[in-house]
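To start, the structure itself, in structure tokens.
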Amino acid sequence: MARTKSNGSSDQSSANLGFEAKLWLAADKLRNNMDAAEYKHVVLGLIFLKYISDTFEEHRAKLVAGKGEYAGANPEDQDEYRAENVFWVPKEARWSHLQANAKQPAIGKTVDDAMVAIERDNSRLKGVLPKDYARPGLDKHRLGELIDLIGTIGLGDRENRSKDILGRVYEYFLTQFASAEGKNGGQFYTPNCVVRLLVEMLAPYKGRIYDPCCGSGGMFVQSEKFVEAHGGRLGDISIYGQESNATTRRLAVMNLALRGIEADFGPEHADSFRRDLHPDLRADYVLANPPFNDSDWFRKDDDVRWQYGVPPRGNANFAWVQHFIHHLAPRGMASFVLANGSMSSNQSGEGEIRRAIVEADLVDCMVAMPGQLFYSTQIPVCLWFLTRNKNDGKRRDRRKQTLFIDARKLGTLIDRVHRELTDADIQKIVAAYHAWRGEKGAGKYEDVAGFCKSVATAEIAAHGHVLTPGRYVGAEEIEDDGEPFEEKMTRLVAELNGQFAESARLEKAIRANLRGLGYGG
């Protein structure tokens, strides 16, 4: 059973607003001609090294002081650190040693040696850390400058530990690298606002959380933040993940270790369809963002997971959906991102699989999202929410009903091509869902034309089991201004005639000016 341990919330940091952005700009200047995908591992590896070194030094200081529960403790006993979920950092890997050698020509080898030493003494990190800082293509002078730059993170911040700030910086840098890599960035990163929405909707206070395509582990980090923010006990959640990409899996392990979160990622990277690393797991919560419309995936026709129909070879969407369902506990819930086509496609048997899932009363809520949320694609996506039990005795009985939410008009453009959901947007969606489910203190649910509607399964069947929210929520109601129709039409026609007259006057004046210049008849 994996367990978590709190290291504080990065949101509580006292670092100045924009600190991460300034740090990113400084680090990016040192990138030179290196590809963002390659530079990502250089920077994030160093941030991780700084984090575990700071954490180690903080705990070591307590052991050296020997006060209270640490009286008589041996600062050189590795077990003293492991007992507190702190990584042991040997002398040659401590940040002070790296910074002292940052200007030396052999700094690349020094960093590599530090990574090797940490993996040697911490089995959880074996095979995880980057170890190619000595390679010829990496500018050692710039590497030294980068070490000096990262060394400034958290300095002088005693009330809020430097590792809390480092966690915030790590998360911000993941976002920036995803943006820099574009489509490839989507392989390891799901936008924070989307992850927050999924987590807030499910509210995973207690139990087993599973993501079989976990990327860099953002779903897990946000779950931990949610539990902490709502006064829950972090030891009450257990985390299970799987990732097919070896380098992305390493990012996930570092991302969670950065926050003191233990997780079971299986022994190595693996494809969830070829080799399920958690075959017996029945999770209380599934949170995932699988690859959209994946046509290059492995299918075994007699797989036990295909309970609702064999998914087509050309699209893995409903393979993922059934994988999630297969791993749900009897009262389990799942929330995940899929391409919009999953809501209505009838190709290659997908419609029949969707029908079977709807008729099994598994679909709790569907949310249509605005476009431009993802770095990997500009196409709009949808969120699915499934549950094994719509009548658990704690909430309103919603058997044979599904909530549809159309959130396509929400979100704010943060640049020309990317949109984000605001806190208010997220809360609007979450509040509607929790009220509909009858969560304690969530208030009374009401259908809102153009935004949300509770729909009976029989009505969904009448629409061919299509799950597109826009088909059910209707059009947004236009507020009545109280002006009688006849009076309004008379006023509008008068305004239109006035605009026509003004247009004619302007046209006449422009033609006169052109004739004065020798143009026109």
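Taking NZ of Lys225 as the start and CD1 of Ile261 as the end, the distance is 9.0 Å to the nearest 0.5 Å. Note: Ile426 CD1 to Glu200 CD = 7.5 Å, rounded to the nearest 0.5 Å. The CG atom of Asn245 lies 12.5 Å from the SG atom of Cys213; values are rounded to the nearest 0.5 Å. From Leu129, atom CG reaches atom CE of Met254 across 6.5 Å, with rounding to the nearest 0.5 Å. Here the CD1-CG distance, from Ile150 to Leu46, works out to 4.5 Å after rounding to the nearest 0.5 Å. Atom-to-atom distance recorded for Leu383:CG and Ile429:CD1 is 7.5 Å, nearest 0.5 angstrom.
Donor-acceptor pairing under 3.5 Å is recorded for the side chains of Asp364 and Tyr433. Donor-acceptor pairing under 3.5 Å is lacking for the side chains of Asp294 and Asn315. Between the side chains of Trp320 and Ser272, no donor-acceptor pair of N or O atoms lies under 3.5 Å. Side chain to side chain, Asp276 and His327 meet the donor-acceptor criterion of an N or O pair below 3.5 Å. Using modelled atom types, one finds a donor on one side chain and an acceptor on the other under 3.5 Å when comparing Arg124 with Asn85.
With Ser244 contributing its side chain and Asp271 its backbone, the two residues share no donor-acceptor pair below 3.5 Å. When atom types are taken as modelled, the side chain of Ser342 and the backbone of Leu338 share no donor-acceptor pair closer than 3.5 angstrom. With hydrogens and angles disregarded, a donor-acceptor distance shorter than 3.5 Å links the side chain of Asn317 to the backbone of Asn293. Under the 3.5 Å distance criterion, the side-chain polar atoms of Arg196 are left unmatched by any main-chain donor or acceptor of Gln222. Between the side chain of Asn122 and the main chain of Ile118, a donor-acceptor pair closer than 3.5 Å is present. No side-chain donor-acceptor contact under 3.5 Å links Ser53 to the backbone of Leu49. Within the 3.5 Å criterion, the main-chain N or O of Arg313 finds a donor-acceptor partner in the side chain of Trp297. With hydrogens and angles ignored, the 3.5 Å screen pairs no side-chain donor or acceptor of Asp425 with any backbone N or O of Leu410.
The heavy-atom pair separating Val42 from Tyr133 by the smallest distance is O-OH, 2.8 Å. The two residues Met201 and Val430 have their closest heavy-atom pair at SD-CA, 3.7 Å. Residue Gly218 comes nearest to Asn255 through the heavy atom pair N-ND2, 4.3 Å, listed as atom of the first residue, atom of the second, then distance. For Met369 against Leu421, the heavy-atom pair with the smallest separation is CE-CD1, 3.6 Å. The shortest heavy-atom contact between Thr248 and Ser216 is CG2-N, 4.0 Å. Residue Val227 comes nearest to Pro204 through the heavy atom pair CG2-O, 3.2 Å, listed as atom of the first residue, atom of the second, then distance.
Counting non-hydrogen atoms of neighbouring residues, nucleotides and ligands closer than 6.0 angstrom, the CZ atom of Arg282 exceeds 12 such neighbours.
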| request: Kindly determine whether Met366 and Met343 satisfy side chain to side chain contact (heavy atoms under 4.5 Å, CB included), including the steps that lead there. | output: CA-CA 9 Å; Met366 297 294 302; Met343 298 188 290; 3.7 Å; yes
| said: As a quick check of understanding, evaluate side chain to side chain contact (heavy atoms under 4.5 Å, CB included) for Ile52 and Phe56, giving each step before the final call. | reply: CA-CA 6 Å; Ile52 63 170; Phe56 170 85; over 6 Å; no
| task | Could you walk me through whether Glu57 and Arg94 pass the side chain to side chain contact (heavy atoms under 4.5 Å, CB included) test, one step at a time? | result | CA-CA 9 Å; Glu57 295 289 4; Arg94 294 171 195 173; 3.6 Å; yes
| Working for side chain to side chain contact (heavy atoms under 4.5 Å, CB included), residues Ile325 and Arg388 | CA-CA 8 Å; Ile325 295 172; Arg388 286 277 196 190; 3.8 Å; yes
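A salt bridge does not link Asp303 with Lys300: every distance from a Lys NZ or Arg NE/NH1/NH2 to an Asp or Glu carboxylate oxygen is 4.0 Å or more. With salt bridges taken as basic N to acidic carboxylate O contacts below 4.0 Å, one links Lys50 and Asp54. We find that Glu92 and Arg120 are joined by a salt bridge, their nearest charged nitrogen and carboxylate oxygen being less than 4.0 Å apart. Here Lys131 pairs with Glu119 in a salt bridge; the nearest charged N to carboxylate O distance falls below 4.0 Å. By the 4.0 Å N-to-carboxylate-O rule, Glu243 lies too far from Arg250 to be salt-bridged with it. Using a cutoff of 4.0 Å between basic side-chain nitrogens and carboxylate oxygens, Arg135 and Asp132 are scored as salt-bridged. The pair Asp284-Arg208 meets the salt-bridge criterion, with a side-chain N (NZ, NE, NH1 or NH2) lying under 4.0 Å from an Asp/Glu carboxylate O. The residues Arg275 and Glu268 are annotated as salt-bridged, a charged nitrogen and a carboxylate oxygen being separated by less than 4.0 angstrom.
Using a 4.5 Å heavy-atom threshold, the side chains of Asp113 and Val111 count as separate. Side chains of Phe265 and Leu256 form a contact here, defined as non-hydrogen atoms less than 4.5 Å apart. Counting only heavy atoms from C-beta outward, the side chains of Leu287 and Ser223 approach each other to under 4.5 Å. In this structure, His141 and Ile107 have side chains that are not in contact, with every pair of non-hydrogen atoms separated by 4.5 Å or more. You'll find the side chain of Leu386 reaches within 4.5 Å of the side chain of Val321, heavy atoms only. Annotation: side chain of Leu146 is not in contact with side chain of Arg142 (no heavy-atom distance under 4.5 Å). Between Phe385 and Val367 the shortest side-chain heavy-atom distance falls below 4.5 Å. Side-chain atoms of Gln242 and Arg249, non-hydrogen and from C-beta on, never get closer than 4.5 Å to each other.
Remark: aromatic rings of His323 and Phe318 are distant, center separation not under 6.0 Å. For Phe336 and Phe324, the distance between ring centers is under 6.0 angstrom.
Using cut-offs of 30° and 60° for the angle between ring planes, the Tyr81 and Trp88 rings count as perpendicular. Aromatic ring pairs are classed by plane angle as parallel below 30°, tilted from 30° to 60° and perpendicular above 60°; the pair His278 and Tyr210 is perpendicular.
Both tests pass for Lys428 against the ring of Phe451: distance under 6.0 Å to the centre and angle within 45° of the axis.
In this structure, the salt bridge (Lys or Arg N to Asp or Glu O under 4.0 Å) partners of Asp79, at least two apart in sequence or on a different chain, are Arg82.
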